[in-house]
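Sequence lines set the chain letters: A, B, ... in the order given, protein chains first and strands last, and positions in each chain run from 1.
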Amino acid sequence: MLTIPFIRANSEITIQGLTKKHVANASEIVHQLIAMDDQRKSLLQQAESALEISNAAAKEIGSLMQSGQKELAEGKRAETAALKGTIKEKEEAAKAAEKQMFDLLVTLPNLPHSSVPEGKTAEENEIVLTWGSLPSMQADAQPHWDLIKKYDIIDFDLGNKITGAGFPVYKGKGARLQRALINFFLDEAIKVGYYEIQPPILINEDSGFGTGQLPDKEGQMYVTKEEGLFLIPTAEVPITNLYRDVIVNEKELPIKNVGHTPCFRREAGSWGAHVRGLNRLHQFDKIEIVQIHKPETSYQALEEMSLHVQALLQKLNLHYRVLRLCGGDMGFASALTYDMEVWSGAQNRWLEVSSVSNFETFQANRLKLRTKVEGKSILCHTLNGSALALPRIVAALLENNQGPDGIKIPEILVPYTGFTHIN
RNA sequence: AGAGGGGUGUCCGAGUGGUUUAAGGAGCACGCUUGGAAAGCGUGUGUAGGUCUCAAGCUUACCGAGGGUUCGAAUCCCUUCCCCUCUACCA
């Protein structure tokens, strides 16, 4: 969430940023917000000055009562009783004005970093770099949804029976490959200084608000009926919310956490072509890295996180490219996002396997996540990224490494899988 | 799940309607003292908002959260969350 003091002090920058993110009527909205804030302040002042008088009178009544001057006290009491109505009225009006302002403010996305390219759709994302080369595929190369059947390692029909579409069952070497990837990704993160967290995978409403899923995106999350808890769409939510309402000691920064969790997404309305097999699921596993920084080091951290994700892809020998997302394709809360896409040899297309973002103070403002610098409390910067999400990595590994003697497991994973081929 | 007891500042902890302007202690910071340290002494020590060119000052709110009663609420009432003990259940 953007802060009102920032918007007031940088209204032109705010309007430009919102426009880059394709918010309609950015200028009107910003001016409306400032007007709402003016109104809020004025009402608050009126309420507070009435309260000041009433507080003073109440104190006076107290000392009059103690010294036994009952009649004087009674007189005062009648006087201040009249103030009650005004106070209540002004307080309620101030609260209403604040809520109105807040409701508008939460609908605004984060402002994009200056390096974010203009653009509306995925086609306008900037290709930062491409690594590796197209895998050499045999003529009869099969897409992963055929391979998983051929080797009987991932079963959509069984998932369908026990849960529903988009909930596959991993079996035998399929299950073991999953477990190998999870351990590999966690170990690699720990090697470069991340601290492992195993969070709950259900979260409450406050947490959903803290990282920006709520309000507005509840339709994308599963909810429990009795408690109203949400199944997490990503480990970003619980791991970042660990620091909700926290003033972090400056010496503890930067914080680098990693966690593996299943992720649950309803993906309402996003089914269609290109989502066969493992390309899009309701439940999948992901290893997430989260960092918390002082503002001046956050962009350096974003580059470091991007390099970490790239190192994983290189170790798995996957042909990939890095995109800098354009204003229209970026997430709601992000200031700058890199997407990593791997080449899927049999589908002949790029698959998004990671998204690494700097949220600057956007989440921190919602979370009230601060640190103290020279006695003053300032909002931290939060960052996160997938390192990595499993299903599309599995899809690419299966497709790109298929051969006459089965699917070859990358060297680096063999100690984790305990086998060299799926056949 | 049932019965009972709790939630107060960075921490411990007092506080059952009115100088609470949240006692007292610990911790922390600074100063004095010291050859240095400890002890001792002194001072300071939260968050958010408003006012203000800045600072100081003044002011409002905050005792788990939300609402209510009252001239006045940490204190009384209601709702809710969390913790502890016992019982039941369970992995």
Sugar-phosphate only, base, or nothing, as touched by [X] at under 4.0 Å among non-hydrogen atoms:
X	result
A/L44	sugar-phosphate
A/K90	nothing
A/K368	nothing

Q) When the C1' atoms of B/U8 and B/G64 are considered, how many whole Å apart are they? A) 10 Å
Q) If we take the P atom in both B/U47 and B/U10, what is their distance in whole Å? A)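 Roughly 8 Å separates the two P atoms.
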Q: Look at the aromatic rings of A/H282 and A/Y222 and report parallel, tilted or perpendicular, splitting at 30° and 60°.
A: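 Perpendicular: the ring planes of A/H282 and A/Y222 meet at over 60°.
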Q. Taking a pair as Watson-Crick or G-U wobble with both distances under 3.5 Å, which nucleotide is matched to B/G4?
A.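 Result: B/C84.
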(Q) I'd like to compare against my own output: the B/S/- annotation of nucleotides 54-63 of chain B with a strict under-4.0 Å heavy-atom distance to protein. (A) -----SBS--
Q) Which letter, B, S or -, goes with each nucleotide of nucleotides 74-82 of chain B from 5' to 3', with contact meaning a protein heavy atom under 4.0 Å? A) ---------
Can you give the donor-acceptor pairs under 3.5 Å from side chains of residues 102-114 of chain A to other protein atoms, not counting sequence neighbours?
residue: A/D103; atom: OD2; partner: A/K99; partner atom: NZ; Å: 2.7
residue: A/T107; atom: OG1; partner: A/L104; partner atom: O; Å: 2.5
residue: A/N110; atom: ND2; partner: A/A333; partner atom: O; Å: 3.0
residue: A/N110; atom: ND2; partner: A/F359; partner atom: O; Å: 3.1
residue: A/H113; atom: ND1; partner: A/S115; partner atom: N; Å: 3.2
residue: A/H113; atom: ND1; partner: A/S115; partner atom: OG; Å: 2.8

Q. For A/F419, is the NZ or CZ atom of A/R176 found under 6.0 angstrom from the centre of its six-membered ring and inside 45 degrees of the ring axis?
A.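 Output no; distance or angle outside limits.
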Q | Centroid-centroid distance, A/F362 to A/F332, less than 6.0 Å | A |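 Yes, the ring centres sit under 6.0 Å apart.
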Q. What is the minimum heavy-atom distance between A/V342 and A/A396, and which atoms define it?
A.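 That would be CG2-CB, 3.7 Å.
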